[in-house]
Amino acid sequence: MTQEILLLVEKCSHCFSYYDIESGERLHSIALEEFPHEFVVDRAQRFAYVGHYGVETSGHLGHGGTRIFQIDIAARRLARTIDIAPFNRLHGMQMDEQGRLYALSEDRAQLVVLDRPETDTAPRRAVPTGGIKSHLFALTRDGRTAYVMNLLSHTVTKVRPHDATATPVPCSPGEKPEGYALSADEKTLYVTNRWSNTLAAIDTATMKVLREAPSREDATRLYLYRDGRLVVTNYGERSLSVVDPASLKELARIPMEARAIALSFHPTRPLAFVSQDNDKLGYFNMETLAFERFIGTQREPDVSCTVLL
């Protein structure tokens with residue numbers, strides 16, 4: 001009998017946790033070093049790879065971490081730690097369809113690749129992002145192209161992780177681009193600009209802004225639902241926005257009791273799991289556009305992912 005589990009990083013409790021989706025019960029937690037952040041799960045759902053950011057937020061000073069934590073999902077344990085120093089403040093984490101792992105060093109503004117993350121003990125390659133304070137990135141399915149959000153240069157850069165001779169191609173969509181969503185056909189990149197309070201759609205072929213629209217206050221993260229709608233987390237005004245990708249116009253606004261930190265979608269059910277900064281996680285129905293219920297978490301729930309165990 002399989003069980004639906006929500007994997008959740010709880011960054012201020014410094015752990016990686018397992019929650020039963022039906023009951024909301026926390027089943028297990030794996031202690032990690034201080035302030036783990038982003039993680040990604042491989043296609044076989046055998047391992048999760050957690051980046052050690054090592055400081056609380058992008059606004060905090062500090063050298064940060066240089067390690068990737070490899071979690072054996074079924075065994076519910078830390079399998080090993082991969083130290084990729086000198087690459088530090090590891091934040092954005094992605095995997096391509098070939099199972100290669102990509103980790104973004106915010107401090108060094110470099111994108112690092114582990115070709116065989118199950119066994120690699122060091123990076124196989126790294127390329128500069130062409131920006132400053134590189135925080136998150138979108139990755140094409142084949143892994144040949146990445147689009148990096150650079151918080152302090154206020155740019156999005158198009159990078160070729162497997163071709164260090166390719167010069168990063170910049171775009172300036174607004175001030176402090178952070179949230180991103182790559183369209184299903186990979187032709188359009190949607191971006192939130194936190195300081196501009198705007199949304200932008202970028203043509204990935206030319207790296208030119210196709211259209212932009214006002215956002216709510218301090219729109220942070222951006223997610224593409226499987227029916228094409230975009231969901232925006234508005235950190236400044238404690239709300240979610242559902243947005244039409246064609247026009248970037250807001251279709252619905254959902255007020256919240258706390259600020260949304262991150263969200264993930266259930267793979268088959270119309271649910272989004274929304275992590276909040278009041279140490280709760282909300283079950284948000286994408287059909288009714290309402291929260292069904294909330295469960296309590298440990299401190300500062302962040303990125304999540306649904307798996308079957």
Side-chain angles (χ1 to χ4, degrees), residues 1-32 34-41 45 48-51 53 56-57 69 71-78 93 179 216 219-226 229-242 252-309:
M1 180 178 177
T2 59
Q3 183 181 21
E4 286 190 333
I5 299 294
L6 190 73
L7 303 176
L8 179 67
V9 160
E10 295 168 310
K11 68 182 183 184
C12 290
S13 287
H14 318 300
C15 65
F16 184 84
S17 293
Y18 294 61
Y19 283 81
D20 177 76
I21 286 178
E22 289 305 316
S23 69
E25 177 187 2
R26 181 169 61 90
L27 304 174
H28 185 69
S29 292
I30 300 168
L32 300 174
E34 285 195 346
F35 303 118
H37 269 225
E38 302 285 318
F39 77 91
V40 66
V41 172
Q45 297 189 349
Y49 297 92
V50 186
Y53 191 53
E56 188 171 352
T57 73
F69 307 117
I71 306 291
D72 185 321
I73 295 173
R76 301 186 183 188
R77 66 178 181 88
L78 177 63
M93 304 285 289
R216 299 281 177 174
T220 50
R221 299 298 176 91
L222 182 61
Y223 301 89
L224 179 67
Y225 189 53
R226 52 184 167 267
R229 289 178 295 171
L230 298 168
V231 181
V232 184
T233 60
N234 303 309
Y235 204 68
E237 70 154 44
R238 293 177 169 84
S239 69
L240 299 178
S241 292
V242 180
R253 172 186 174 273
I254 301 89
M256 298 178 62
E257 63 180 17
R259 294 178 291 194
I261 299 171
L263 68 81
S264 68
F265 297 114
H266 189 281
T268 57
R269 294 158 62 184
L271 281 178
F273 300 103
V274 185
S275 301
Q276 300 183 172
D277 71 348
N278 61 349
D279 300 339
K280 292 182 181 179
L281 185 136
Y283 289 51
F284 180 72
N285 190 304
M286 289 297 298
E287 293 179 348
T288 64
L289 300 184
F291 282 94
E292 295 181 348
R293 60 177 171 135
F294 297 88
I295 63 171
T297 67
Q298 299 185 101
R299 291 189 58 216
E300 199 81 2
D302 203 324
V303 180
S304 62
C305 179
T306 302
V307 296
L308 287 175
L309 292 180

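- With Ser29 contributing its side chain and Ser17 its backbone, the two residues share no donor-acceptor pair below 3.5 Å.
- Nearest approach of Thr297 to Lys280, heavy atoms of both residues: OG1-N, 3.8 Å.
- In terms of the salt bridge (Lys or Arg N to Asp or Glu O under 4.0 Å) criterion, residue partners of Glu4 (sequence neighbours excluded) are, by chain and number, Arg269.
- With hydrogens and angles disregarded, a donor-acceptor distance shorter than 3.5 Å links the side chain of Glu10 to the backbone of Gln298.
- Between Phe35 and His14, the two ring planes are perpendicular [angle over 60°; tilted spans 30° to 60°].
- The only member of Arg259, Arg299, Arg238 that meets side-chain hydrogen bond (donor to acceptor under 3.5 Å, both in side chains) when paired with Asp277 is Arg259.
- Here Lys11 contributes atom NZ and Glu300 contributes atom CD; the two are 4.5 Å apart, rounded to the nearest 0.5 Å.
- A salt bridge between Arg253 and Glu237 is present, with a side-chain N of the basic residue lying under 4.0 Å from a carboxylate O of the acidic one.
- In this structure, Phe16 has its ring center at least 6.0 angstrom away from the ring center of Phe69.
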Side chain to side chain contact (heavy atoms under 4.5 Å, CB included) between Ile254 and Val242, worked out:
CA-CA 8 Å; Ile254 301 89; Val242 180; 4.0 Å; yes
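- Phe273 and Tyr283 have their aromatic ring centers within a separation under 6.0 angstrom.
- Under the 3.5 Å distance criterion, the side-chain polar atoms of Gln45 are matched with a main-chain donor or acceptor of Leu308.
- Arg293 approaches Ile295 most closely through the heavy-atom pair NH1-CG2, 4.2 Å.
- Arg76 approaches Ile5 most closely through the heavy-atom pair NH2-CD1, 4.5 Å.
- The closest donor-acceptor contact from the side chain of Arg226 to the backbone of Thr268 lies under 3.5 Å.
- One distance of note links OG1 of Thr306 with CG of Leu8; it measures 10.5 Å at 0.5 Å rounding.
- Residue Leu32 holds its CG atom at 5.0 Å from CD1 of Ile71, rounded to the nearest 0.5 Å.
- Looking at residues two or more places apart in sequence or on another chain, you find a side chain to side chain donor-acceptor pair (under 3.5 Å) between Arg229 and Asp227.
- Across every non-hydrogen atom of Arg77 and Ile30, the tightest pair is N-CD1, 3.5 Å.
- Atoms CZ and OG, on Phe39 and Ser304 in that order, are 6.5 Å from each other to the nearest 0.5 Å.
- One N or O on the side chain of Thr220 and one on the backbone of Thr233 form a donor-acceptor pair closer than 3.5 Å.
- Panel note: side chain Asn234, backbone Gly236; no donor-acceptor pair is recorded below 3.5 Å.
- Summarising the geometry, atom CD belonging to Glu25 is positioned 7.0 Å from atom CG belonging to Asp20; distances are rounded to the nearest 0.5 Å.
- A distance-only check finds no donor-acceptor pair linking the side chain of Asp302 to the backbone of Val9 [under 3.5 Å].
- Atoms CG and OG, from Leu263 and Ser275 in turn, are 8.0 Å apart once rounded to the nearest 0.5 Å.
- Every residue meeting the ring-ring contact (aromatic ring centres under 6.0 Å, His included) condition with His28, not counting sequence neighbours, appears here in chain and number order: Tyr18.
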